[in-house]
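Working notes, structure below.
This is a predicted model, so every value here is computed, not measured. Per chain, numbering begins at 1; letters A, B, ... match sequence-line order.
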Amino acid sequence: MNAREAIGDTVQFVQGDKACVYGALLAGCRFFAGYPITPATEIAEEMSRLLPLIGGTSIQMEDEIGSISAVVGAAWTGAKAMTATSGPGFSLMQETIGYAVMTETPCVIVDVQRGGPSTGQPTRASQGDVMQARYGSHGDYELIVLSPSSVQEAMELTIRAFNLSETYRVPAILLTEESIGHMREKITIPDTVPLQSRPATEDEAAPHVPPFSPFGRGKKAFVTGLTHQDNGHPSTDDHEVHDRLVRRLCAKVCENMDDIFQADTVRMDDADTVIVSYGISARPGRAASEMAAQAGRKVGAITLKTLWPFNYAYFAELAQRVDHIVVVEMNCGMLYHSIREAAAGNANVTLVSTLGGKVADPTAILEVIR
Amino acid sequence: MASLKELTEREERLTGGHRLCAGCGASIIVRQILQATNYPVVVSCATGCLEVSTTIYPYTAWKNPFIHNAFENSAVTCSGAEAMFRAKKRTGEIPADKKVKFIAFGGDGGTYDIGIQSLSGAMERGHDMLYVCYNNEAYMNTGIQRSSATPLGAATTTSPAGTVIPGKKEYPKDLTEVMAGHHLPYVCQASPGYFQDLIKKVETAMEIEGPKFMNTLSPCPRGWRHANDAAIRISKLAVDCCFWPLYEVRNDTYALTGQSKLIADGKKEKVPLAEYLKPQGRFKHLLAPKNKELLDSIQEEVDRRWERLVKLSKL
């Protein structure tokens, strides 16, 4: 049985967590290692049901440190591999996420966000891990973080996360929320999807990305989290080696921004005000834009699909065009700060912040732009 | 052991009104443990059913100091409190003769899996505390996923019994033996069905200074798929079939206790494993004729582990 057959009907009414599994299987994921945690458990359950049917492997680990580490190990055999968790487990994974960055290991991590800090609100949505996704591990690094605002997108952006992770040999994080993870919506499942695999030769590789040599395929693979030369061997005392390595790891993500960055826009042509959001918060953002349009206002809406790397140029240009940028987030303001930095005073930047599992109310957003 | 009359006269330190499921083993175990001692206690609790259901806002069911940290660190959080308690005794801030008992609770997920590092560290450092695992043999709080305590053959949502696998494919880790390998002053295994045995063990543990570990089987009507009134009967059957023997290890000396000792001495009958499996939906498929070989092999493994324990108890 192939992945598409295992998934079944073309049109289904499913949870975001399940759609994410579908996306992973379509993208070629054949290894999953996970650990139960609300609200991401359904991903582990569905993986353990479907992966064995298509010759894949799903392992339940002893904790999240084990989960991400097994994913890294599997990736070095050449497999496309994924894990899924929520805030507390995501915190435990951070050291190894940094290791995956340093070792340029393609892998996908799904974080179905719940209220934090700590155990917080296990069954309530939040966007409180936006900074953890970007800065959770130590050292300088860049990685890719995508955020779906519907169940359909949970599937599509999981596929995209795999493809970007493979192309750039960097961990890609699907940052979603309990609300998307547990919400059921109608989705349409494609028969085929575009597939990327990690580059095997210099010719196939994107700028700044070295080719990948998995274990046991003719080359001596040497993988280490220590600062290393181009051949993978440790060199921890030479500042130039470390400088070159870290700057290249950042450059391969940031300098490929045109390929990595995606955002959906509505009513932006002559907008003087724009509502910027992502994930579940994008939905009231778009609703507020529509309500404002009905009232004769010129209010556009931007739904970010790529959160990190942060597209400074995009927001700098946006701030030149509009007077007011309203950022809607389910946290105390996370992406808001980067947007304000990029706007550099050329537009007013206002935050609409909700906490406690509450999704922003469109009328509350309208209050801000009145 | 305190008499039944004395026990009933003691204050309930885990009060009613908590939200654990009807027939859950965990609250029965905690009440038995807290009733077994008159000392003031400090309780730490790992994330899990027990923590969630006993602390639903704006209430708490605990009448003692209670700290919940995270899933993996009940033992170490408790060890920090215990170490500082001793330090305050040294500095005179707390009277040197003050007796407070530290008890850490965790489910099997928080003990066998994610919390084993923290448990092992706390026990090795020798903190004066009792760690209690209420082992319901799966991740019940997140909706019945397998753990390393889940028995071979049990159906869970991440080891679903079907055409590909007959439930979980691995035998459970023997955590009591892992803890015995720490050479602690006191390690024991208990079952709430035999409550006098359990209470005696807590009484023993409370009088021993140093690190203690207790592993208790904890029936879960939701996850084990059994009737709400069957927890005690099933937790007795687990002992009667020698799947879950009652024993203790004091300074490396093994002793079978209670019902398990009676079975080993030939004074009580050892029942077939199938009797224990029958009332539980999670094992339903194992009793089908096509799985007879598998059932036989599980019986053999139960017998092998039991006979090993009987030998150890005679050393």
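No other option in A:Glu45, A:Met47, A:Glu42 has as many heavy-atom pairs under 4.5 Å with chain B as A:Glu45. Heavy-atom pairs under 4.5 Å with chain B were tallied for A:Gln60, A:Glu46, A:Glu62; the largest tally goes to A:Gln60.
Interface residue B:Thr158: backbone and side-chain heavy atoms are both found under 4.5 Å from chain A. Contacts between B:Glu72 and chain A at a heavy-atom distance below 4.5 Å involve the side chain alone, from C-beta outward. With a 4.5 angstrom heavy-atom cutoff, B:Tyr112 does not touch chain A via any of its atoms.
Of residues 123-130 of chain A, no residue lies under 4.5 Å from chain B by any heavy-atom pair. Among the residues in residues 11-39 of chain A, those with a non-hydrogen atom closer than 4.5 angstrom to a non-hydrogen atom of chain B are A:Tyr35, A:Pro36, A:Ile37, A:Thr38. Contact annotation for residues 63-85 of chain A against chain B (heavy-atom separation below 4.5 Å, listed by residue number): A:Asp63, A:Glu64.
Other residues, nucleotides and ligands contribute at most 12 non-hydrogen atoms within 6.0 Å of the CD atom of A:Glu95. For A:Phe215, the CZ atom sits in a packed shell: over 12 heavy atoms of surrounding residues, nucleotides or ligands are nearer than 6.0 Å. Other residues, nucleotides and ligands contribute at most 12 non-hydrogen atoms within 6.0 Å of the CD atom of B:Gln117. No more than 12 heavy atoms of other residues, nucleotides or ligands shown are found within 6.0 angstrom of CZ on B:Arg222.
The closest side-chain heavy-atom distance from A:Arg49 to B:Thr157 is not below 4.5 Å.
Across all non-hydrogen atoms, the minimal contact from B:Asn69 to A:Thr119 is O-OG1, 3.7 Å.
Annotation: salt bridge (charged side-chain N to carboxylate O under 4.0 Å, His left out) contacts of B:Lys173 (sequence neighbours excluded): none.
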